[in-house]
Amino acid sequence: MSDAAIVCSNLSFAWPDDTPVFQDLSFTVTRGRTGLVAPNGSGKSTLLKLIAGELHPGSGSLTVTGTLGHLPQSLPLTGNLTVAEVLGIADVIRALDAVESGDVDEEHFAAIGDDWDIEERTRAQLDRLGLASLTLDRSLGTLSGGQVVSLGLAAQLLKRPDVLLLDEPTNNLDAEARHKLYDVLSDFTGCLLLVSHDRALLDRMERIAELGSDELRLYGGNFTEYEDAVRAEQEVAEKNVRNAEQELKREKREMQQARERAERRAANASRNLKNAGLPKIFAGTMKRGAQEAAGRSGTLHASRVSEARARLDEAGRALRDEQRLTLELPDTQVPAGRNLFIGEGMQARLGGESVFADGGLDLTVRGPERIALTGPNGAGKTTLMRLITGDLAPDGGAIKRGDGRIAYLSQRLDLLDPDRTVAENFAAFAPERPEAERMNLLARFLFRGPRAHLPVGVLSGGEHLRATLACVLCAEPAPHLLLLDEPTNNLDLVSVGQLEGALNSYQGAFMVVSHDERFLAEIGVNRRLRLADGTLTESGAPEV
């Protein structure tokens, strides 16, 4: 495992429509924990897929030394697969069961190989990730989003990888599951390359890799140290730009002054020659000499101005041009005390099991409350959201909704048609808005020009979330109640800050499911609900 490494040489990659992603990218990542950072849409997930062999470069090469494990950003959240099938051990388990029952067919021994202890290793790995209660025959469709992510990581770790690629591994994880993942990754001794917007996880990295279109820069230390280094770089870059601007102004001023002096000398020389009564041929020679001297001076100063402008351009390129999400949520005022949702004795059944405790759940949402809904993975938070919005019919109890629209951002990001472009999806949600207004709104979500006409299916996770946010938040009529299920999943840190600001300016009611306590602290939550063990309780304390 000491030789575990990823080596990239002169890699270039573009999408089928010739949109470039990388150009002549070269880097080496060796043993240790490396966090990969860049704005959404920069190609982080694409790079991991190229390393994993799921995509192929247009030119250049990628070499992985050692066994590879890859946890992608998008995992199946529903389906009929069993836990054993997701873990990739179903065939081995069946072969072990057959051998234990006395069947000594050679095919069973071939399927088992060296994995005679697979059940013990599997249970140990599931326990470490907080999945001790899962049975191997349980259906994937009965698991929460966080449980699916942890299960996907367990599947990769069972491969005993030397090189491990993880794309947003803390998505949907509750506080306990996150800390278990932190511990597991701290013990990993191979080459880890991880994409995440989780600051706590990035601060457990040994180095940070910043991805650009033609460069991957490595910074020693964790994310906080990386931010300090970038901040120091930017201070130097800004100072260099200021100095270069002053130099350019000075050179322009000196060039203008030299031009004015040359013009005065030429005028004076012309008058002096005329007054001196010199022969015309001699006067012409002197005039040409003065003009040539002025021309040399002008050329010299023009060259200095050009050099100063080039230094300014070079200094400017060191400045970071971070695209920022400009969100303006619907200016919807909801009177205090207005009932937006009332649920009494709500019950739901999934897989034949009751999700909530006997008697169901009672919940009233009034405007303009700001509610955080927390609780462990698998407690039923998403199920409750779907009951509120009407996406899921209750199996018991009574529900009453107010007159205002309820907007729901699903954890699964399944609202948009992946085959239609961002602009086409947006038009379907807001058909009454003029096209120019729709394009302007999309630009605020960073879908400008050709980006607005990309199919949703080719977007990165963060871009997909931004597109869904645009459609949910800008549809008409404006929502009185927002239901946001893990809205910061896959958003880069700059965009998370913009979402925080947008929610702070929103005047309606919202309920947010999130395990990101920093995010919840920033959005002005004034009511906390905790769903655990089938019971919904008011909670004043954040999860830690």
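None of these values were measured; they are calculated from a predicted model.
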### Query
Is R94 salt-bridged to D91, cutoff N-O under 4.0 Å?
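The answer is yes: the pair qualifies as a salt bridge.
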
### Message
Whether K180 and D183 form a salt bridge (side-chain N of Lys/Arg under 4.0 Å from carboxylate O of Asp/Glu) is what I want to check.
### Response
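Salt bridge: no.
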
Does [X], at its [atom1] atom, have more than 12 non-hydrogen atoms belonging to other residues, nucleotides or ligands within less than 6.0 Å?
X: N504; atom1: CG; value: yes
X: E120; atom1: CD; value: yes
X: K400; atom1: NZ; value: no
X: R123; atom1: CZ; value: yes
X: E54; atom1: CD; value: yes
X: D358; atom1: CG; value: no

Would you check if [X] and [Y] make a side-chain contact, meaning some heavy-atom pair closer than 4.5 Å?
X: M205; Y: L192; result: yes
X: L165; Y: L68; result: yes
X: L216; Y: L36; result: yes
X: L481; Y: I388; result: yes
X: R370; Y: P368; result: no
X: F519; Y: P487; result: yes
X: L482; Y: L503; result: yes
X: F27; Y: L218; result: no

### Task
Apply side chain to side chain contact (heavy atoms under 4.5 Å, CB included) to the pair L459 and F447, showing each step before the final yes or no.
CA-CA 11 Å; L459 300 180; F447 293 106; 4.3 Å; yes

### Query
Honestly, is R33 close enough over F188, meaning NZ or CZ under 6.0 Å from the six-membered ring centre and within 45° of the axis?
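Not flagged: R33 not positioned over aromatic ring of F188.
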
### Query
Do we see a donor-acceptor contact under 3.5 Å between the side chains of S101 and D103?
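On atom types as modelled, these side chains do not qualify, holding no pair under 3.5 Å.
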
### Task
Assess the side chains of D3 and T65: does a donor N or O sit below 3.5 Å from an acceptor N or O?
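Side chains of D3 and T65: no pair found under 3.5 Å.
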
Closest heavy-atom contact between [X] and [Y]?
X: S42; Y: V21; value: O-CG1, 4.3 Å
X: R527; Y: T364; value: NH1-O, 2.8 Å
X: G367; Y: A509; value: CA-CB, 4.2 Å
X: H70; Y: P72; value: O-CD, 3.4 Å
X: L202; Y: S196; value: CD1-O, 3.5 Å
X: S514; Y: T374; value: O-CG2, 4.0 Å

Value rounded to 0.5 Å, distance of [atom1] in [X] from [atom2] in [Y]:
X: R528; Y: L373; atom1: CZ; atom2: CG; answer: 10.5 Å
X: K381; Y: M511; atom1: NZ; atom2: CE; answer: 12.5 Å
X: L415; Y: S410; atom1: CG; atom2: OG; answer: 6.5 Å
X: I51; Y: L47; atom1: CD1; atom2: CG; answer: 4.0 Å
X: R138; Y: T82; atom1: CZ; atom2: OG1; answer: 12.0 Å
X: L384; Y: T389; atom1: CG; atom2: OG1; answer: 11.5 Å

### Task
For side chain to side chain contact (heavy atoms under 4.5 Å, CB included), just list the numbers for H464 and Q73, CA-CA rounded to whole Å, side-chain angles, deciding distance to a tenth of an Å, and then say yes or no.
CA-CA 12 Å; H464 194 169; Q73 186 180 114; over 6 Å; no

### Task
Applying side chain to side chain contact (heavy atoms under 4.5 Å, CB included), run through L363 and L387 and close with a yes or a no.
CA-CA 11 Å; L363 173 65; L387 288 173; over 6 Å; no

Main-chain N/O of [Y] paired to [X] side chain as donor or acceptor, under 3.5 Å:
X: D174; Y: N377; result: yes
X: E119; Y: I93; result: no
X: R204; Y: A200; result: yes
X: N425; Y: D417; result: yes
X: D198; Y: L201; result: yes
X: E225; Y: G220; result: no
X: E486; Y: V512; result: no
X: T28; Y: V7; result: no
X: D203; Y: F223; result: yes
X: R466; Y: F445; result: yes

### Query
How are the rings of F109 and W116 set to each other: parallel, tilted or perpendicular (split at 30° and 60°)?
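The arrangement is tilted - the two ring planes meet at 30° to 60°.
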
### Task
Applying side-chain hydrogen bond (donor to acceptor under 3.5 Å, both in side chains) between N489 and each of D516, N172, T170, report the one that passes.
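It is N172, the one option of D516, N172, T170 that forms the side-chain hydrogen bond (donor to acceptor under 3.5 Å, both in side chains) with N489.
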
### Message
Using salt bridge (charged side-chain N to carboxylate O under 4.0 Å, His left out), reason through E517 and R178 one step at a time and then give a plain yes or no.
### Response
CA-CA 12 Å; E517 282 299 330; R178 286 188 183 215; over 6 Å; no

### Task
Assess whether side chain to side chain contact (heavy atoms under 4.5 Å, CB included) is satisfied between F356 and L536, documenting all intermediate values.
CA-CA 9 Å; F356 309 123; L536 188 66; over 6 Å; no

